[in-house]
J.: 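Structure incoming, see below.
All of these numbers come straight from a predicted model, not from anything done at the bench. By convention in this document, chain letters (A, B, ...) are assigned in the order of the sequence lines, proteins followed by strands, and residues within each chain are numbered from 1. As a basis for the values below, the full set of heavy atoms in this structure was taken, side chains included, without hydrogen atoms, waters or symmetry mates.
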Amino acid sequence: MAAHLKKRVYEEFTKVVQQQHEDLSTKKLRLTKPSKSAALHVDLCKATSPADALQYLLQFARKPVEVESVEGVVRILLEHYYKENDASVRLKIASLLGLLSKTAGFSPDCIMDDAINTLQNEKSHQVLAQLLDTLLVIGTKLPENPSVRMRLVEVACKHLTDSSHGVRNKCLQLIGCLGPVDKGVAKEAESQAAKDVQKIIGDHFNDQDPRVRTAAIKAMLQLHERGLKLQQAIYSQACKLLADDYEQVRSAAVQLIWVLSQLYPESIVPIPSSNEEIRLVDDAFGKICHMVSDGSWVVRVQAAKLLGSMQQVSSHFLEQTLDKKLMSDLRRKRTAHERAKELYSSGEFSSGRKWGDDAPKEEIDTGAVNLIESGACGAFVHGLEDEMYEVRIAAVEALCMLAQSSPSFAEKCLDFLVDMFNDEIEEVRLQSIHTMRKISHNITLREDQLDTVLAVLEDSSRDIREALHELLCCTNVSTKEGIHLALVELLKNLTKYPTDRESIWKCLKFLGSRHPTLVLPLVPELLSTHPFFDTPEPDMDDPAYIAVLVLIFNAAKSCPTMPALFSDHTFRHYAYLRDSLSHLVPPLRLPGRKLVSSAVSPSITPHEDPSQQFLHQSLERVYNFQHLDPRGIQELLEFTIRDLQRLGELQSELAGMADFTATYLQCQLLLIKALQEKLWNVAAPLYLKQNALASAAAKQILEETYKMEFMYSGVESRQVVIIHHMRLQAKALQLIVTARTTRGVEPLFGMCEKFLQEVDSFQRCFISELPHMQGSFVDKLLDLMPRLVTSKPSEVVKILQTTLRQSTFLHLPLPEQLHRATANIIEPTGESDNPLRFTSGLVVALDVDATLEHVQDPQGTVKVQVLYPDGQAQLIHPKPADFRNPGPGRHRLITQVYLSHTAWTEPCQIEVRLLLAYNSNRSKASTRIPKSTWNESLEALPPSENGIEGTIPFSKPVKVYIMPKPARR
Amino acid sequence: MPEIKVTPLGAGQDVGRSCILVSIAGKNVMLDCGMHMGYNDDRRFPDFSYITQNGRLTDFLDCVIISHFHLDHCGALPYFSEMVGYDGPIYMTHPTKAICPILLEDYRKITVDKKGETNFFTSQMIKDCMKKVVAVHLHQTVQVDEELEIKAYYAGHVLGAAMFQIKVGCESVVYTGDYNMTPDRHLGAAWIDKCRPDLLITESTYATTIRDSKRCRERDFLKKVHETVERGGKVLIPVFALGRAQELCILLETFWERMNLKAPIYFSTGLTEKANHYYKLFITWTNQKIRKTFVQRNMFEFKHIKAFDRAFADNPGPMVVFATPGMLHAGQSLQIFRKWAGNEKNMVIMPGYCVQGTVGHKILSGQRKLEMEGRQILEVKMQVEYMSFSAHADAKGIMQLIRQAEPRNVLLVHGEAKKMEFLKQKIEQEFHVSCFMPANGETTTIVTNPCIPVDISLGLLKREAAIGPVPDAKKPKLMHGTLLMKDNSFRLVSPEQALKELGLAEHQLRFTCRVHIQDPRKEHETVLRVYNHLKGILKDYSVQHLPDGSITVESILIQATAHSEDQGTKVLLVSWTYQDEELGSYLTSLLKKGLPQST
């Protein structure tokens, strides 16, 4: 039972897929043309009733048809079409025609005439519509044939008068997709139908059927997408459609208006019932704003979304969207926002106790109150208060986009965004926090706003809290009270949710470095120093105290007077924190203390150049080693690798670069070492031990090259060539080693052939790069290629060996930006001594929380691996939704891993780590990830032509103590 | 002219005892049947004798519609149906039907048991009354009788509140009841389709108010509660059992959930538990959030809110208590208030309006020393807050609803006359529709212009549509047919069928006209000339020269004879049926001009 359960568990929660090596030489069955169409013909002739024929057609439709037999099949179908009396069968035939014309590689112009002819005598509206659909398919398949398109459009125009909405729909769709876009062409191929597609479509804006009206607007939008410039005259028509009874018409009309407003933002339109005129974009903006209070939420979402992208609108209109004049009993009333602002500016604290606090002030002139404004008034106020959260999210998004382009608007919308932090739906809250972060460079928070923002820190949702920390990282606070408030709230948050530690510290780091002058007056209070009395030394391990220190030290970086306020123990704590939390605590110039690490002190600009220089110099040195003796080369490489690794540790900006080159040099070193071995001098395969060394070196080089290719972001094609070249060398080495150690020639044949194939594909892939690779291994190899192909394996091996020895070391150019993908598992911490107990056969969920940096497309590549003590390994694909993207280049994986095992006698540790899956088929240029199966094992796979798939571990493994108990009966 | 008559018996330029009579196309409907909070005498109920002096109400009224369960909309119902006597159908939504009797019973208890009134309706009467109620679903079209149909729309406001469309034939009236155009924590916003009624009867409580966003008020409320609880203080929220209380509960519940707070929240029992039960049941009537999450958890199954016990009031530590009644004039809320008033850490939040004379009103107006019964002086040290949570549409909301429904006329009820005046003027100005605001007992007559549907046979329609240019939606089209009014129905049929149905013989009507032409030639030559002439001109018509010497143009016959007296004058006889009148008269005028001189 338990075993069965476990099996189920594995089936359901993990996808452990064994890679299958497909036999390449599968034979394909090829059907010949006559057989296919003939069979259909026979079938259709056999059919006695329409129902029968329909059945045959349905069956036929399930199988694909080869390109070469499509035309024959179409002819047969058409033949039956004319004979057929039953509309449903004709309908099916018509749809089949469309399907067939879609066949890749088939050019449907030969069947077009027939398809058009079928339209002539058709009576059934449904079949007509289907036929038009087929014509649409044919038309889209023939994009470079204007005359064909012209004809099709003409046909469509003819059927526009049909009484069925379906037919008119399809006609409009066809015109929209195929109608002539280029004015010039239209005039040349002049015929009466091609007059003006816009006019034809525009005439159907007033059709009696709402579906046709929608289709007409959609066709117009389609024309726009295809590049036709719509006429401004349509605008007034579209405006009328905004009042349509049907929501899909209104929704499409909103889009059309938006398109027109982007096309003619500056043209002037009159305001009806007055003599004034305004810019079209403003008018359109007002109209779309009006739709934000439409009856249908679909339209509201549409309208709210589009508002965001109308950036040319004048600021006067923009600011109206946030305006809602309050009144009470015809007297003007201030909004809560205004009151809050006033309180703030008057410097008074809110008493909030008066009943009449919001009492209305002055009388309003009744004539001046406009209850339904034609303009944009209060559109966002309505949108943000909408019943449907979809509308609210759309409104928040729009607000974000508009605020990004207009600082004054950003300032104004702040109040509303802050209000959204208290929405009932978490998604909306999150969205508004993100929005606020995006516009944070434009705004400064007032104290009362900050107060509301900080209140959200107590939210129980981790996502919300972390988003808020991110927000605080980049907000501007105006007063020192604000900073104090933020600190207090963050500390409160820390005590309530200790897991937020890292995030809070980071937040305080930025808060400190952004507001040094505001922190300065707070320092004595924060450190609780006293002018006369010594205060007790705080506990160094208290996360709250660390948080305070992080804030102060970061502020002190740009505020040299601050350290004077520190007490002795603060300096000691500084030294400790600088060492233990170096990413949070910056180096400080402290009085009486030397900067310990001044030589390599990071992030101070003058120091950057030397380290860059150092990197380049050391590389330069290495590339010129030709003249050294082998021993010297090895030593130089070893030293350089060591230097680079140290440099990488010290200089976070250069880490990627240094690691990358170090790995490359490491490969070279291994290659040199392997070639230095004595075994090459000995003829017989007696030295199996040394062999092991050489083959291990080859293997390691292979692995390292994969790491180089897939673990770094920013690798360009120049580097890829070098990496592939190195890999080729490793493969050559492998071949040589195998040749020397195995008896018999048979296995060598295959290997040689494969190797030569690889050389060939290398040449094909990187032909453009070959000129840069003079004197290299591959260069020499390609010279010898004709000889290699004809010679025996043993000779090949000999040649390879000499070329490998003679070839020069390739210079590795460095890209501008290079970052190594890293992962850090935050949770589980691996510190717990309490085993995770669960009943064997059942599952236990392990929370995994990790940060990923510089990983491209983590959803596709990052896997979690669990290694059990018995050597069993399990690979888990996290759900795409488990990845969050808090910032550029950074990802966060929060997922659950399901563990299960048979019973153990005592607790034991399992290892959890993250893997980066790769597939060498995937070229760096294309981001498309082939759907592939990843291998479970870690070992490099036997290389195959079709690309190699594998995984690279890129995080430190974390040990988790677990204990599957035997099930109690 | 057909007309719609509206007479408010209550709520005309007034708030309270909503009761509006509508007669539409011969049907009489009563909308709402409420009581007035302000009176304790006869004025508290509408004057039903207005409807009929001595006849039975059932004969006069076709149906009664109740929009929602507030007493000012349903309080007089048992009195009306049981004591005055009405046996017809009463329509309300399911939640209203469920909650209405609870409130009526409560109301009865207070008036009879507490105030000792006699001659009031009894519990049994409430039960009997509820038996006459027919429950309706949202958007369900209910046929009251063959012609009268009603349909309910969502109105927000309180659970189960609905707007009703009353329709007879093509004439329709929409009555909004009370509604709310902005969603709150537990209910959605009112919605109506573009039904274009002849008359929209809308409430206008906040005719002159445009309200601030709900969010600010909610945030303030939550912040105040949260701060007090964090300080270790106790919060008292006096509420009425239904409506706002549930909204505030949801608000606090979600806030507690979000912020992980631990302080207990209590709800004083009684009515509330029963009512909460109904809120749990009628999930479909709540807002999007509650509807979407109820599968995981029904929001009204409160996790943090527990039933209150009298002993809890003395417990140490922070707590939040909802207690009835809302104006602190009696009962549990007043008891708790007296216990907690002395501590400045505590707080009382008044979520609604308080009537003058109540403790609630006194503390809101800033009185810090209250004289309680027995000459006790109660010093109020606790904080007093006022939070308005009202669920009526404001002026903007009313306008928005009018824009959605596109009525031809608007009638305002349920508001103060002065405020209505302003809104009336705005409506007329913005929408260009006429707007009315009758006082109680004043009848408004609205002339309607109903369209009359006529059936037409498909054959005839297709035949007529085929003639002439392509149909254009924007232009009226002329059709030929016979209008048959038979058995109270209108049909447009072809003339042949009409004759057949009516059993009449067909008569032909022909016009004959003689035209004199001066032509000395022989008759057949003249005919030939006429023939050639006509053929030359009427290219689109079939002109034929028949062997018997006559000419036909389509179905018009032309014959020529020599004048009996003057052989030089030929008489052309033109004859056509009345269907060809147009062509016939054209031909005669053509012929009268004479033939062209032959060359």
J.: Excluding sequence neighbours, so at least two apart, what forms side-chain contact (heavy atoms from CB on, under 4.5 Å) with B:Tyr154?
T.: B:Leu138, B:Leu187, B:Trp285

J.: Of the backbone (N, CA, C, O) and the side chain (C-beta and beyond), which part of A:Ser163 lies under 4.5 Å from a heavy atom of chain B, both, or neither?
T.: neither

J.: Hey, do the aromatic rings of B:His392 and B:Tyr179 have their centres closer than 6.0 Å?
T.: no

J.: Under the side chain to side chain donor-acceptor pair (under 3.5 Å) test, which residues partner A:His204, sequence neighbours left out?
T.: none

J.: If I measure from the heavy atoms of chain B, does A:Asp209 come under 4.5 Å with its side chain, its backbone, both, or neither?
T.: neither

J.: Heavy-atom distances under 4.5 Å only: say whether A:Leu384 touches chain B with side chain, backbone, both or neither.
T.: backbone

J.: Is A:Tyr497 in contact with chain B via its backbone, its side chain, both, or neither, using a 4.5 Å heavy-atom distance?
T.: side chain

J.: Quick check on B:Glu257 against chain A: is it the side chain, the backbone, both or neither that has a heavy atom closer than 4.5 Å?
T.: backbone

J.: Just so I understand: if I count every heavy-atom pair under 4.5 Å between each of B:Met181, B:Arg196, B:Lys292 and chain A, which residue has the most?
T.: B:Arg196

J.: Report the residue from A:Asp459, A:Asp463, A:Asp423 that forms a salt bridge (charged side-chain N to carboxylate O under 4.0 Å, His left out) with A:Arg429.
T.: A:Asp459

J.: I'd like to know which of B:Glu406, B:His226, B:Met347, B:Glu218 tops the heavy-atom pair count under 4.5 Å against chain A.
T.: B:His226

J.: Do we see a donor-acceptor contact under 3.5 Å between the side chains of A:His125 and A:Arg168?
T.: no

